[in-house]
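I have placed the structure first, in the form of structure tokens, so that the comments after it can refer back to it.
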Amino acid sequence: EKDLRAFVTSALAAVERIAGNESQYFKNIPAASVSEQIGVAGYNKSFIPTVTGVLTSLRSDVDQGYLTSLEAQLRANVHDDFMVQAQELLNAKYYVAALVIAGGVLEDHLRQMAMNRGLTWTGNGSISKYNDVLRNNAYAQPVWRRIQSVGDHRNDAAHGNGAAVSANDADDAVKFIERFIADHAA
């Protein structure tokens with residue numbers, strides 16, 4: 001009985017955390033009656049198939065990507081558009097502009113990663129600040145170092161020191177940012 005109560009409590013918490021308490025998943029578990037039933041000895045276990053059915057459905061939908069929020073889909077589309085623009089600028093030999101745009105995408109992606117993990121920073125955000133809070137929380141030290149390097153080049157490009165940015169630096173940074181975003185979901 002104790003294990004069953006723990007299972008139901010964990011299931012309700014997981015559904016609420018993943019899909020929200022306004023979701024159809026949560027609404028399909030009669031939470032009030034379940035809470036009443038598991039709060040007394042000798043409760044009716046007839047709700048267990050409902051709970052397991054909701055968990056099975058939620059797991060399937062998560063695995064198939066159906067719960068990706070509209071906001072996340074829009075952000076991905078905007079990032080893709082900006083990365084295409086950065087590539088076009090590289091092709092036209094506007095390396096500094098390409099690095100500024102791609103760096104903005106990286107900064108926004110890192111910010112979203114940190115926010116989604118509940119990580120905080122002090123002051124205004126930046127590539128460096130987001131990168132610092134994500135190190136060891138989302139990726140290892142070598143990735144952190146690479147992001148720091150890209151951030152330094154982006155700062156040169158965006159803040160009047162574009163002469164310090166080579167074509168190879170910009171091209172390498174844009175490629176790294178594309179790979180990083182593909183490999184590290186926000």
Side-chain angles (χ1 to χ4, degrees), residues 10 13-23 58-59 61-186:
S10 294
V15 170
E16 184 174 16
R17 186 174 52 248
I18 294 168
N21 60 5
E22 294 299 316
S23 71
L58 179 59
R59 171 66 189 260
D61 288 353
V62 166
D63 288 346
Q64 294 180 36
Y66 294 147
L67 294 183
T68 302
S69 72
L70 178 60
E71 177 188 358
Q73 291 174 11
L74 290 173
R75 181 176 291 105
N77 287 339
V78 169
H79 285 179
D80 286 347
D81 288 346
F82 280 132
M83 293 308 291
V84 167
Q85 289 177 23
Q87 191 59 55
E88 291 296 321
L89 287 166
L90 281 175
N91 294 342
K93 303 200 184 317
Y94 292 107
Y95 306 113
V96 173
L99 188 52
V100 170
I101 289 175
V105 170
L106 176 63
E107 184 172 339
D108 186 64
H109 189 76
L110 293 171
R111 180 187 58 79
Q112 194 62 44
M113 286 178 69
M115 287 175 41
N116 288 349
R117 288 165 175 76
L119 303 172
T120 59
W121 55 92
T122 57
N124 294 331
S126 67
I127 289 175
S128 181
K129 286 186 180 184
Y130 302 138
N131 193 31
D132 284 346
V133 299
L134 287 164
R135 179 179 49 189
N136 300 325
N137 287 304
Y139 43 78
Q141 180 89 9
V143 174
W144 174 86
R145 282 192 189 108
R146 184 67 181 102
I147 291 171
Q148 287 298 104
S149 174
V150 168
D152 290 345
H153 287 303
R154 190 268 187 156
N155 285 341
D156 283 339
H159 300 291
N161 195 17
V165 177
S166 73
N168 286 338
D169 292 336
D171 185 58
D172 186 52
V174 169
K175 288 177 182 167
F176 169 78
I177 293 167
E178 288 172 338
R179 282 191 318 270
F180 177 81
I181 290 172
D183 291 345
H184 298 86

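These figures come from a predicted structure and were not determined experimentally.
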(message) Quick test of your reading: applying side-chain hydrogen bond (donor to acceptor under 3.5 Å, both in side chains), list the pairs with at least one residue in residues 114-126, sequence neighbours left out, ordered by first then second residue.
(response) Gln112-Asn116

(message) Measuring from atom CG of Asp61 to atom OG of Ser23, what distance do you get when rounded to the nearest 0.5 angstrom?
(response) 10.5 Å

(request) First locate atom CD of Glu107, then atom NZ of Lys129, and finally report the distance between them rounded to the nearest 0.5 Å. (result) 11.0 Å

(message) Please determine whether the number of non-hydrogen atoms from other residues, nucleotides or ligands lying under 6.0 Å from atom CZ of Phe82 exceeds 12.
(response) no

Check: residues 97-106 side-chain donor-acceptor pairs under 3.5 Å, at least two apart:
none

Name every donor-acceptor pair, under 3.5 Å, that has one atom in a side chain of residues 157-168 and the other anywhere in the protein, sequence neighbours excluded.
from: Asn161; atom 1: ND2; to: Asp156; atom 2: OD1; distance (Å): 3.4
from: Ser166; atom 1: OG; to: Asn168; atom 2: N; distance (Å): 3.4
from: Ser166; atom 1: OG; to: Asp169; atom 2: N; distance (Å): 3.0
from: Ser166; atom 1: OG; to: Asp169; atom 2: OD1; distance (Å): 3.4
from: Ser166; atom 1: OG; to: Asp169; atom 2: OD2; distance (Å): 3.1

(request) Tell me yes or no: between the side chains of Asp108 and Tyr130, is some donor less than 3.5 Å from an acceptor? (result) no

(message) Using every non-hydrogen atom in the two residues, find where Leu90 and Ala170 come nearest and quote the distance to one decimal.
(response) CD2-CB, 3.8 Å

(request) Among residues two or more places apart or on two chains, list those pairs meeting ring-ring contact (aromatic ring centres under 6.0 Å, His included) that have a residue in residues 83-105. (result) none

(message) Between Ile127 and Val150, is there a side-chain heavy-atom distance shorter than 4.5 Å?
(response) no

(message) Quick one, Met113 and Tyr139 - any side-chain contact, counting heavy atoms below 4.5 Å?
(response) yes

Under 3.5 Å, which donor-acceptor pairs do the side chains of residues 173-186 form with other protein atoms, sequence neighbours left out?
from: Lys175; atom 1: NZ; to: Asp171; atom 2: OD2; distance (Å): 3.0
from: His184; atom 1: ND1; to: Phe180; atom 2: O; distance (Å): 3.2

(request) Just grab all the salt bridge (charged side-chain N to carboxylate O under 4.0 Å, His left out) pairs involving residues 89-99, residues at least two apart or on different chains. (result) none

